[in-house]
Amino acid sequence: YTWSVTGLPTGLHLDAKTGILSGTLALATSGSYALLVTATDSASPGVTATATIPLTVTPKGTMTITTQSLRDGVVNVRYISTTVQQQGGTTPIHWTSLALPDGLALSDAGVLSGTPTTAGAATITIIVTDSSSVAQTASFTYTINIASQLSISTTALPWGMQNTSYPPWMQTPPSGQ
């Protein structure tokens, strides 16, 4: 394959043979970029694929939360722990949250865990603060869904008789759907 790209910020380059993007971003390159990446195979005639790929560059030292989504959960089922990630800032880093679903907690290390106790959609804001002399903060808002646990509410079935068709019977759908 042969690779090419347009729209790169100053300091980055793409190796046309390997497709590896590398370099050091220049100080004046913060912002959003739409990179138009093209790959062409070596067959004759060559087949080409293109994609527009977004790239965001933040100023050096700027702290950002890089975790883009959180897992959904189920009532009374242990949440799969997720460590929220950040980039930039001065250690130690401290994490806090707003409006977590009942039963979930965010540790000071940024680990979301627990066992949710209430079903529904939740909008969560997670905030990270660093320890620089003028503290930097970053926040990110997520939406997660906590589903109800499934349960079968039927406790008994109609009686049956040998050598006779079983009477028509409709199961009640499980709760939580």
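Heavy atoms only: backbone and side chains are in, while hydrogens, waters and symmetry mates are out.
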Does [X] reach the main-chain N or O of [Y] with its side chain, forming a donor-acceptor pair under 3.5 Å?
X    : Y   : value
Q85  : Q87 : no
Y142 : T67 : yes
T64  : T66 : no

When rounded to the nearest 0.5 angstrom, what is the spacing between [atom1] in [X] and [atom2] in [Y]?
X    : Y    : atom1 : atom2 : result
L112 : S97  : CG    : OG    : 7.5 Å
I144 : T82  : CD1   : OG1   : 9.0 Å
T117 : I146 : OG1   : CD1   : 9.0 Å
Q86  : I93  : CD    : CD1   : 4.5 Å
N76  : T118 : CG    : OG1   : 9.0 Å

Side chain to side chain contact (heavy atoms under 4.5 Å, CB included) between V111 and L106, intermediate numbers included:
CA-CA 5 Å; V111 178; L106 182 70; 5.8 Å; no
Are V5 and I53 connected in a single hydrophobic cluster, I mean Ile/Leu/Val/Met/Phe/Trp/Tyr linked by side-chain heavy atoms less than 4.5 Å apart?
yes
Tell me whether I124 shares a hydrophobic cluster with V74, the cluster being built from Ile, Leu, Val, Met, Phe, Trp, Tyr side chains joined at under 4.5 Å.
no
Taking all heavy atoms of [X] and all of [Y], pick out the closest pair and write down the distance.
X    : Y    : answer
Y79  : D72  : CE1-O, 3.7 Å
T125 : S139 : CG2-CB, 4.1 Å
Q136 : T62  : OE1-CA, 3.4 Å
L14  : L21  : CD1-N, 4.0 Å
Y33  : P9   : CZ-CB, 3.3 Å
I126 : V84  : CD1-CG2, 3.8 Å

Show, in sequence, the C-alpha distance, side-chain angles and deciding distance for Y1 and T48, and conclude whether the side chain to side chain contact (heavy atoms under 4.5 Å, CB included) test is met.
CA-CA 9 Å; Y1 292 96; T48 299; over 6 Å; no
Min side-chain heavy-atom separation [X]-[Y] under 4.5 Å:
X    : Y   : value
L8   : L35 : yes
S131 : T91 : no
W3   : T38 : no

Positive for side chain to side chain donor-acceptor pair (under 3.5 Å) with H94, one of T129, D108, D130
D108
Evaluate whether atom CZ of F140 has more than 12 neighbouring non-hydrogen atoms of other residues, nucleotides or ligands under 6.0 angstrom away.
yes
